[in-house]
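Written below as structure tokens is the structure these notes are about.
Note: hydrogens, waters and symmetry copies are ignored here, and every other heavy atom, side chains too, is used. Residue numbers begin at 1 in each chain, while the letters A, B, ... track the order of the sequences. Note that the coordinates shown come from a computational prediction; the quantities given were computed from them, not determined experimentally.
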Amino acid sequence: MSYAHEIEEALKDGFLRRTLDKFAVEYRAGRDRVFAEVDERALIQRIADVKDDAARRMEELYEKFRVEAEKRGAVVHRAKDAAEAREIIAAIAKENDVHKIVKSKSMTAEEIGLNAHIEAAGIEVNETDLGEWIVQLRHERPSHMVMPAIHLSRGQVADEFEKATGRAQDHEDVHKLVKTARAELRPKFLAADMGISGANFLIAETGSLAIVTNEGNGRLVNTLPRVHVALAGLDKLIPTLDDALSALQVLPRNATGQRLTSYVTFIDGATACAKSPTGRKILHIVLLDNGRADLARDPLFSQIYRCVRCGACANVCPVFRLVGGHRMGHVYVGAIGLVLTYLYHDRAAAKKLCQNCVGCGACKDVCSGGIDLPRLIQEIRARFAKEDGEPVASRLARYAMRKRPTFHRLLKFMRFAQKPFAGKDGFVRHLPMALFGKQGFKSLPALAKKSFRELWETRDSWLAARDSSPRATNQKHLTVKIALFAGCALDFSLPHQLVAAMKVFAHFGVEVEFPMEQTCCGLPLVTLGEKETALDVARQNIAAFVGEYDAIVTLCASCASHLRHWYKDTLGAEAEAFSAKVIDFSSFVHDMLGLTEKDFTRLDWKVAYHASCHLCRALGVKEAPRALISAAAHYTPTPEEESCCGFGGSWSFKFPEISKELMHKKLDNACSGDATHLALDCPGCTIQLRGGADREKRKIQVVHVAEVLAASLEAGGAK
Amino acid sequence: MEKTATDLFIARAEAAAAQVHAVPDEAAAAKEVEAIRAEKGADGGAHGERALPSGVGVVRAAKGIAQTGTCIVVTDDEALRLETMLPEVSVILLNSADILPDLPSAAPFLRAEQTQGRASYVSFITGPSRTADIERVSAIGVHGPLELHIVLIGGRP
């Protein structure tokens, strides 16, 4: 089955959709509740610092861990790859005459494909984590790191249990199914010769293992059998007990919304064991390298060592929510799963999976270690693009965008070419279906008759109309001089939003310049893997904006975050002064101009708000737009304001089915109250949601925050 | 009113589905344990499933953690460890004077346990065993105890 087809099938799975939808909302609420009690950002930073340090000192920590663990009676092995790890464990089983194994959850065991290998040697292996046992019975792989069987209904589980036990099972009562697992697995714990577990932390200072579980199976696995094998990646090494305890304040909160799991077990060496011939537990700790040591030295990718396998990146991923872990992961699931698949497991699988990321940044925002997952995924895409040679789109983009006049001439030509299809209201609805394909779920924006840069020449006439109206008495006169960065989508497709912003600026006496040499911010080029051309356009923009400006203001959240972060991160000192001045429209008006409700006339609009990914996460702007909406109209909160609208630039063209579902959900939420308008700060989201609202005939108007403010001033002027 | 560590411990342990029995002293604790044994019965009372080892397991915690409602039990001894795992009802005695504020404050205790020149096994126990692996329905009592009773000594007057 092709990947696109797999995704279509997943989207049709009603049970999966309902389960993951409910989970996404409840997870957020639970997480927020338990993080309110601690300093979330400080704890995440601590994990990042500790684990970055651990990655740098990996060999030293390994040696310390080995010495301390062996001092206490454990045997420590180091496996260079999956095959060696499997061999080591099989050999341990053989030398101890093991026939039956019980296993608690270990993602590392999934990584090395352990079960199949051991079973091939004629040894019985039973998973004991409930979810793992269920997927083992079904011969599937886990669809989530923490909840392996989240894709299955209770009925499906009951069917499996009937097959496994030969007895009828209750198909409704989950608690009874759990009791079946207890009764069925208890004899297996008692009969096992060997237990295999993972480990959450390997604490170097004392050579101890920390194992985090809820069901109690983990403790039985490492207590009842005479042999215990703990398998973990080298990335689980952590210097001290303090580091582990500190990280434990984040891991369960982020994984399941618990303050702590039912059990955290600290095993430090081989304790007494009645079943063992020596009277001591036979304890083997297998540390898996499998590429980790090399990766620890990678300047960009070493940050994946911060991962504590909490699964939060999947829990908040809008794509996971729609298609589930089997299509948004390989061994490991979610954003980290895409990266690990690329690094450790299966490049071919990674290649299609990595296209899946919409780049909303939700995972980065909740990651226990603050890993910049979207950036890593973008880098992987760029590497694949490079390996493949350039696709036509990249070549075209590079040709068209390297020189601004060429690019802008091209856009003007497209405006001419779209004429037969464009409606009067700025939508293209009537492209032949052959061209539309699966994009038909939204009306596409037409290029405007006149771009903003053309309108700029005649600004005196359209601003004068506003100036002739009586000015409000409370009008501020500010001595602020800004340069306006338009961005392609606003300049050529949505210039009316820039016109609205200009009216706001004029009203408050802000002096505005519009440097004509400005061009595309370069973000779409980066997405295509065209880094060199992206650098070219960045330098063009920096040169265009040399001047005495207090701020460089843009109405596009995506441009703003790219100009602020990517420019500075990539060009360093060359971009520093430029990047520091870049600010989004709402923050400029709210924070820099300090405008409040006194400065506006309240419209009777009921305005829902969509927090664009690039604004609320990439730039961390949350309060300003909501405060401005409240000042100029009636802000109407709606569910999941910060979830992605499904645009993601060219991504929506690659995954139209997923994009459509995200958009649809967004519009459902926005329309769930009595909002008349949906305001936002990003032309990409505008294209997606305005087009979707038009196509779905929704009674909500999609507007930029600037348009709300301009309308309010207009209403005030008319009084 | 500021919450004491004991109050917070009780609230958080109960939030994790543990049942807290606050008693004034050791004598009262012993009585409370007997009462739990009597109620649940040696065979696990109402929860009895004859195929499974059942009953009431009783152990003593070395420390508690207020922020998470956790009992820290030193379980180096295998038989004692199984007391906290196999029976359906688990009882943990905890002295309120041993309650620490949060997880990081347990580091010195844990380090002392792990640097005595012998192997050790320390269990942090927070509520009964649980799962949400089937349709995310929260179910209490999987492979470990179905009930956790904490007898908190000197907890409340």
Side-chain angles (χ1 to χ4, degrees), chain A residues 19 22-23 26 37 72-73 128-131 134 147-150 152-154 157 174-175 177-179 181-183 185-187 189 205-206 208 214-217 219-220 223-224 240-242 245-246 248-249 256 258-274 280-281, chain B residues 12 15-17 49 51-53 65 67-70 72 75-79 81-82 84-86 88 102-111 113-146 148:
Chain A
T19 304
K22 191 158 164 277
F23 172 51
E26 290 173 0
E37 298 159 3
R72 293 162 174 84
T128 61
D129 172 86
L130 178 55
I134 295 166
M147 291 163 295
I150 193 172
L152 298 171
S153 70
R154 63 189 76 190
V157 172
V174 168
H175 300 273
L177 292 170
V178 172
K179 291 286 177 291
R182 179 183 172 93
L185 288 171
R186 186 59 72 88
F189 285 116
E205 70 163 311
T206 52
S208 59
N214 266 315
E215 295 180 0
N217 62 315
R219 303 172 77 226
L220 289 169
T223 296
L224 284 169
T240 67
L241 287 163
D242 307 79
L245 289 165
S246 175
L248 279 170
Q249 290 184 290
T256 52
Q258 288 175 285
R259 293 186 181 96
L260 197 60
T261 50
S262 299
Y263 304 105
V264 180
T265 298
F266 290 89
I267 299 175
D268 196 25
T271 50
C273 173
R280 291 267 144 201
K281 176 73 91 185
Chain B
R12 295 287 159 83
E49 286 163 18
L52 303 177
I65 299 175
Q67 198 186 51
T68 51
T70 301
I72 304 179
T75 47
D76 299 352
D77 182 272
E78 192 183 29
R81 199 186 312 153
L82 291 171
T84 67
M85 295 182 188
L86 295 176
E88 296 182 347
D102 53 21
L103 279 162
S105 61
F109 170 79
L110 205 48
R111 183 168 291 116
E113 284 298 316
Q114 294 190 350
T115 48
Q116 295 190 357
R118 55 169 172 75
S120 77
Y121 189 123
V122 178
S123 305
F124 284 36
I125 300 176
T126 311
S129 67
R130 61 167 66 228
T131 188
D133 271 356
I134 303 176
E135 290 194 20
R136 292 186 54 257
V137 175
S138 176
I140 302 287
V142 197
H143 299 298
L146 316 187
L148 176 67

Checklist entry - With a 4.5 angstrom heavy-atom cut-off, which part of B/Glu113 approaches chain A: side chain, backbone, both or neither? => result neither
Checklist entry - So do the side chains of A/Val178 and B/Thr131 get within less than 4.5 Å of each other, counting heavy atoms only? => result yes
Checklist entry - Which bit of A/Thr261 is near chain B, if near means a heavy-atom gap under 4.5 Å: side chain, backbone, both or neither? => result backbone
Checklist entry - Under a 4.5 Å heavy-atom cut-off, does chain B meet the side chain of A/Ala149, its backbone, both or neither? => result both
Checklist entry - For A/Arg154, does its backbone N or O pair with a side-chain atom of B/Glu135 as donor and acceptor, under 3.5 Å? => result yes
Item to check | When A/Ala274, A/Cys273, A/Gly269 are compared by non-hydrogen pairs under 4.5 Å with chain B, the top option | outcome: A/Cys273
Checklist entry - Non-hydrogen atoms of chain A under 4.5 Å away: do they reach the side chain of B/Ala79, the backbone, both or neither? => result neither
Next on the checklist: Run the side-chain contact (heavy atoms from CB on, under 4.5 Å) test against A/Thr206 and tell me which residues pass, sequence neighbours left out.
Outcome noted: A/Arg72, A/Ile203, A/Ser208, A/Leu241, A/Asp268, B/Gln114, B/Thr115
Checklist entry - Side chain, backbone, both or neither: which part of B/Ser105 has a heavy atom under 4.5 Å from chain A? => result neither
Next on the checklist: Within this structure, what is the NE2-CD1 distance for the pair A/His175 and B/Ile134, rounded to the nearest 0.5 Å?
Outcome noted: 10.0 Å
Item to check | All side-chain contact (heavy atoms from CB on, under 4.5 Å) counterparts of A/Thr240, not counting sequence neighbours | outcome: A/Glu205, A/Asp242, A/Asp243, B/Arg111
Checklist entry - So how far is it from B/Thr126 OG1 to A/Leu260 CG, rounded to the nearest 0.5 Å? => result 4.0 Å
Next on the checklist: Given heavy-atom pairs under 4.5 angstrom as the criterion, report whether the side chain, backbone, both or neither of A/Val264 touches chain B.
Outcome noted: both
Checklist entry - Going through the distances and angles, do A/Arg259 and B/Thr70 end up as a side chain to side chain donor-acceptor pair (under 3.5 Å)? => result CA-CA 10 Å; A/Arg259 293 186 181 96; B/Thr70 301; over 6 Å; no
Checklist entry - Rounded to the nearest 0.5 Å, how far apart are CG of B/Asp102 and OG of A/Ser246? => result 9.5 Å
Checklist entry - Top residue by heavy-atom pair count (under 4.5 Å) with chain A, among B/Ala17, B/Ser123, B/Gly127, B/Pro108? => result B/Ser123
Item to check | When A/Gln249, A/Gln258, A/Met147, A/Lys281 are compared by non-hydrogen pairs under 4.5 Å with chain B, the top option | outcome: A/Gln249
Checklist entry - Quick one: what part of B/Pro145 sits under 4.5 Å from any heavy atom of chain A, side chain, backbone, both or neither? => result both
Checklist entry - Tell me, do A/Leu245 and B/Phe124 make a side-chain contact under 4.5 Å, heavy atoms counted? => result yes
Checklist entry - Going from OG1 on B/Thr68 to CG on A/Leu248, what distance comes out if it is rounded to the nearest 0.5 angstrom? => result 10.0 Å
Next on the checklist: Between B/His143 (side chain only) and A/Arg186 (backbone N and O only), is there a donor and an acceptor less than 3.5 Å apart?
Outcome noted: no
Next on the checklist: To the closest 0.5 Å, what do you measure between OG1 (A/Thr271) and OH (B/Tyr121)?
Outcome noted: 8.0 Å
Next on the checklist: Main chain of B/Val142, side chain of A/Arg182: is a donor-acceptor contact present, judged purely on distance under 3.5 Å?
Outcome noted: yes
Checklist outcome for this item: Taking every heavy atom of A/Ser262 against every heavy atom of B/Ser129, the minimum-distance pair comes out as OG-CA, 4.2 Å
Checklist entry - Highest number of heavy-atom pairs under 4.5 Å with chain A: which of B/Ala16, B/Pro104, B/Ala106? => result B/Pro104
Next on the checklist: Shorter than 4.5 Å, heavy atoms on both sides: which option in A/Thr223, A/Ile150, A/Thr19 has the most such pairs with chain B?
Outcome noted: A/Thr223
Next on the checklist: Once rounded to the nearest 0.5 Å, what's the spacing between atom CG of B/Asp133 and atom CG of A/Leu152?
Outcome noted: 10.5 Å
Next on the checklist: Checking the side chain of A/Arg219 only, and the main-chain atoms of B/Leu82 only, is there a donor and an acceptor separated by less than 3.5 Å?
Outcome noted: no
Checklist entry - With a 4.5 Å heavy-atom cut-off, do A/Leu224 and B/Glu78 have their side chains touching? => result no
